[in-house]
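The structure under discussion appears below in the form of structure tokens.
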Amino acid sequence: MASTRSIGLLVAVFATLPAAVAAQGRHTIDSAALRRLQSETGGAARVGVHSATGAARSVRLERGASGALATGRAVSAQEKQQQSLAFLRKYAGLFGIENPEAQLRLERSRADRLGETHLVWRQFHRGVPVFAGQLRTHFSSNHQLKAVSGTFVPAITLDITPARTAESAASLAVGVVG
């Protein structure tokens, strides 16, 4: 019965997500941040835009371009975290981020078999994790920031105060599924 409740609750929550995201409106990419990024990468930066949010979904250098998205090498795990946050702070307007330290939390970091490091940043809204809100910063094997990708839901205005008790939500979810 507990698994049925969990599934029902997830269905009820997921069913409301498209309307909640649509209610937020589309983000307009900060043109000054985009110009600054292009200038600092010699025009080699490519920005992909998320069709639903209007915010940047990916930032990377074009294929074959040398260099990095940020200056310097970040060798240690702490340096990679700091460089990631500095990049996200500097280009917050591309993603719709208002305060990286408050809206993003490092969830995990892993090195792959090629020696590249990938940091996963979870999005939070007033302390509550945002479904599918996740940005990844990617470092090359020579410790340079080479790409940022993922989905950040900008300008969330939803109230986080529950409108139902947990019992009421579980009952409703089970009723919808059953």
Side-chain angles (χ1 to χ4, degrees), residues 2-30 33-34 37 45-61 69-70 77 80-112 116-139 145-166 168-170 172-177:
S3 63
T4 304
R5 274 194 190 154
S6 297
I7 292 170
L9 185 56
L10 287 173
V11 170
V13 170
F14 292 150
T16 64
L17 283 172
V21 171
Q24 301 306 311
R26 288 181 52 85
H27 173 71
T28 303
I29 288 184
D30 179 356
L34 183 59
L37 177 67
R46 296 294 171 251
V47 177
V49 176
H50 194 290
S51 62
T53 66
R57 182 175 206 149
S58 65
V59 177
R60 62 173 180 80
L61 295 180
L69 293 175
K80 288 175 182 170
Q81 290 175 30
Q82 291 170 351
Q83 193 172 89
S84 295
L85 282 172
F87 179 88
L88 292 167
R89 197 178 308 111
K90 186 174 188 174
Y91 299 109
L94 300 176
F95 300 94
I97 300 170
E98 294 172 16
N99 182 344
E101 287 82 1
Q103 294 176 292
L104 296 169
R105 293 185 195 158
L106 182 64
E107 189 169 81
R108 68 183 174 274
S109 174
R110 72 170 185 85
D112 63 22
E116 297 184 345
T117 305
H118 311 278
L119 283 69
V120 178
W121 299 86
R122 167 73 57 199
Q123 181 183 358
F124 283 79
H125 171 66
R126 296 185 183 164
V128 177
V130 175
F131 174 74
Q134 192 177 82
L135 290 175
R136 297 171 186 263
T137 52
H138 307 275
F139 288 82
L145 182 62
K146 68 175 195 169
V148 178
S149 62
T151 300
F152 185 91
V153 181
I156 298 175
T157 58
L158 296 173
D159 185 3
I160 62 167
T161 307
R164 298 181 185 276
T165 65
S168 171
L172 176 65
V174 169
V176 169
V177 173

Looking at Arg164, I'd like to know if its CZ atom is crowded, meaning that more than 12 non-hydrogen atoms belonging to other residues, nucleotides or ligands lie closer than 6.0 Å.
no
Does the separation of the ring centres of Tyr91 and Phe87 fall below 6.0 angstrom?
yes
Spacing of CH2 belonging to Trp121 relative to CG belonging to Leu85, to within rounding of 0.5 Å
4.0 Å
Would you mind reporting whether Leu135 and Ile97 have side-chain heavy atoms less than 4.5 Å apart?
yes
I need the minimum non-hydrogen distance between Ala55 and Phe95, along with the two atoms involved.
CB-O, 3.3 Å
Heavy-atom pair of closest approach, residues Ile29 and Ala56
CD1-N, 4.0 Å
What distance separates Arg122 CZ from Phe131 CZ, expressed to the nearest 0.5 Å?
9.0 Å
Take Thr137 and Lys80 through the side chain to side chain contact (heavy atoms under 4.5 Å, CB included) test and state the conclusion after the steps.
CA-CA 9 Å; Thr137 52; Lys80 288 175 182 170; over 6 Å; no
Is there a donor-acceptor pair closer than 3.5 Å between any side-chain N or O of Glu116 and the backbone N or O of His138?
no
Would you confirm whether Arg26, through its side chain, and Ser51, through its main-chain N or O, come within 3.5 Å as a donor-acceptor pair?
yes
Say you draw a straight line from CG of Leu145 to CG of Leu88; how long is it, rounded to the nearest 0.5 Å?
8.5 Å
Output, in order, the C-alpha distance, side-chain angles, deciding distance and verdict of side chain to side chain contact (heavy atoms under 4.5 Å, CB included) for Gln123 and Glu107.
CA-CA 10 Å; Gln123 181 183 358; Glu107 189 169 81; over 6 Å; no
Distance from Arg126 atom CZ to Ile160 atom CD1, nearest 0.5 Å?
6.5 Å
Euclidean distance, Arg57 CZ relative to Leu94 CG, rounded to 0.5 Å
15.5 Å
For the residue pair His118 and Asp112, establish whether any side-chain heavy-atom pair is separated by less than 4.5 Å.
yes
Examine distances only and state if a side-chain atom of His27 and a backbone atom of Val153 form a donor-acceptor pair shorter than 3.5 Å.
no
Gap between atom CG of Leu69 and atom CD of Gln83 - 0.5 Å precision:
9.0 Å
